[in-house]
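Every chain is numbered from 1, with letters handed out A, B, ... down the list of sequences. Only heavy atoms go into these numbers, but all of them, side chains included; no hydrogens, no water, no symmetry mates. These numbers come from a predicted model, not from an experiment.
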There are 2 protein chains.
Amino acid sequence: MHAIEDAPGLRERKKRRTRDALIRSALELFSLKGYEGTTVDEIAAAADVSQRTFFRYFTNKEEVALSVQLMAESRFFAAFLERPAAESPLTALRTAVLASWDGIEEAIEAVVPLELHVRTYGMIQETPQLLAAHLRRLAELEDRLAAEIARREGLPPQDPRPRILVAAFSGVMRETSKLWADAAGGDFSELRGTTAAYLDQIGPALAENWRS
Amino acid sequence: MHAIEDAPGLRERKKRRTRDALIRSALELFSLKGYEGTTVDEIAAAADVSQRTFFRYFTNKEEVALSVQLMAESRFFAAFLERPAAESPLTALRTAVLASWDGIEEAIEAVVPLELHVRTYGMIQETPQLLAAHLRRLAELEDRLAAEIARREGLPPQDPRPRILVAAFSGVMRETSKLWADAAGGDFSELRGTTAAYLDQIGPALAENWRS
DNA sequence: GGTCAAGTGGCAGTGGCTGACATAATCTCG
DNA sequence: CGAGATTATGTCAGCCACTGCCACTTGACC
């Protein structure tokens, strides 16, 4: 009994299965009938639980739609925390994104088919309510990143530079993510190249004259 | 008859009065009992119309909370469109913001007391649902700004630089707006100084080394 | 004044979401 | 293993945002 640490009991395993079933059912229904065209009752029924139980796993309908995305964001933030202090903030952000994409396809596939996730991402961009919720969470992430950068660099919390840098970085990420969902069928190797190229544009973007 | 062009008929004047009454009632109730603690029925009752009529003026409850903010954004975008092509994008953005603040206090007071608007702005930052809706609209504004900049500069729409610049700029604006709502009681003259100072940080924020 | 269009109210219905309570499934420990 | 504590689930009642529909009223225009 004092053997393996992470042997989850039956209860935990069941919870995880229910949660995954809810996510899968939800994303499939969304991609089939649209976000607004799908009711929570239908999702719950498809996952074989009551509506009440759905709301015990997700605080609202938005959350299940964004759940996979949330995982990717957590991975990225965790990767960022591991960057050595020697790296400049922008370099650390860049390295963290690329690192967080290692093995992400497998992590996604553990919950839903990758292709379904890509379709979901496109749906988020097109559904005002979801886009709003998504952007709010990104703003929270930006807050945490800026705070962490200020800490790393030993800056006072009022210094605006971390926030500005993070805003520019976040703008790039939003842009490349959109391209990724639109164009490719979700190939991450292609995304890497685009992202790197776009990040290289942050410097030039702030130069006064672009017409050279 | 063929006399003054913009003499609004009784019908139009009544609509405007109803709309303004709804906004005032809503913001007052929000600031009194909070956003979620206020029902649309209460707002409608306070403005002496039916709930059904409320939803003819605003597509949802969020919209009335953000209505004054929307006006400020429209002013800014209009001001930006008037900037001469000779100005660099960042300069044009900067000048447009400051210009759009001329006379804005009067424009706000025409609908609600300025102090109520300031409190509302604070509420938006604290209410997740409102913050989400607000950020989504800002993202739309960023899209339009980036498109306009690309046009001005004769860049192809895929060029990422306008978006990056706008993202950084928008980050500054979000930050200063927050400070404005928190600290001062809504004094715009102070806001001008802070904004200018923060905008000057955009360049340095992208420099590799901050510890100089 | 009469007609036409536009604004309004009332009502019924859908769907997201919550609190309360009872039941059923795991867990824990003797 | 089994009784009792914990925790997950289902059911039900209810609030509130929001919508479609239809009847009614009120400005607009000749």
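Residue pairs that meet the salt bridge (Lys or Arg N to Asp or Glu O under 4.0 Å) test with at least one member in residues 34-53 of chain A, sequence neighbours left out, are K33(A)-E42(A).
When atom types are taken as modelled, the side chain of R136(A) and the backbone of Q129(B) share no donor-acceptor pair closer than 3.5 angstrom. Listed for the T176(A) side chain is a donor-acceptor partner under 3.5 Å among the backbone atoms of M173(A). Formation of a donor-acceptor pair under 3.5 Å by the R152(A) side chain with backbone atoms of R83(A) is found in this model.
Remark: Y57(B) is in phosphate contact with dT8(C), judged by side-chain N or O atoms under 4.0 Å from OP1 or OP2.
The outermost nucleotides of DNA chain D lying under 4.0 Å from heavy atoms of chain B, listed 5' to 3', are dC16(D) to dA28(D).
Pairing each heavy atom of R19(A) with each of F58(A), the nearest pair is NH1-CE2, 3.5 Å. In this structure, V112(B) and V68(B) approach most closely via the heavy-atom pair CG2-CG2, 4.1 Å. Considering all non-hydrogen atoms of both residues, L22(B) and V64(B) come closest at O-CG2, 4.2 Å. The shortest heavy-atom contact between T38(A) and K61(A) is O-NZ, 2.8 Å. S31(B) and L116(B) get closest at one heavy-atom pair: CB-CD1, 3.9 Å. In terms of heavy-atom proximity, R161(A) sits nearest to A205(B) at O-CB, 3.8 Å.
Taking every heavy atom of residues 46-55 of chain A and every atom of DNA chain C, pairs under 4.0 Å involve Q51(A), R52(A), F55(A), by number. Of the residues in residues 58-66 of chain B, those with a non-hydrogen atom less than 4.0 angstrom from any atom of DNA chain D are T59(B), N60(B), K61(B). Within residues 16-35 of chain A, no residue places a heavy atom under 4.0 Å from DNA chain C.
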Where do F188(B) and W180(B) land on the ring pair (Phe, Tyr, Trp, His ring centres under 6.0 Å) test, with the steps shown first?
CA-CA 8 Å; F188(B) 273 92; W180(B) 168 72; 5.2 Å; yes

If you apply the rule side-chain contact (heavy atoms from CB on, under 4.5 Å), what do you find for E109(B) with H117(B), and how did you get there?
CA-CA 9 Å; E109(B) 288 271 358; H117(B) 170 60; over 6 Å; no

Filtered N/O pairs between nucleotides 23-25 of chain C and protein, under 3.5 Å:
| from | atom 1 | to | atom 2 | distance (Å) |
| --- | --- | --- | --- | --- |
| dA25(C) | O3' | K14(A) | NZ | 3.2 |

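Rounded to whole angstrom, the span from the CD atom of E12(B) across to the P atom of dG7(C) amounts to 7 Å. Straight-line distance from the NZ atom of K15(B) to the P atom of dA5(C): 16 Å, rounded to whole Å.
Atom CZ of R16(A) is surrounded by 12 or fewer heavy atoms from other residues, nucleotides or ligands within 6.0 Å.
Between Y121(A) and H134(A), the two ring planes are perpendicular [angle over 60°; tilted spans 30° to 60°].
In this structure, the side chains of F80(A) and V97(A) stay at 4.5 Å or more apart for every pair of heavy atoms.
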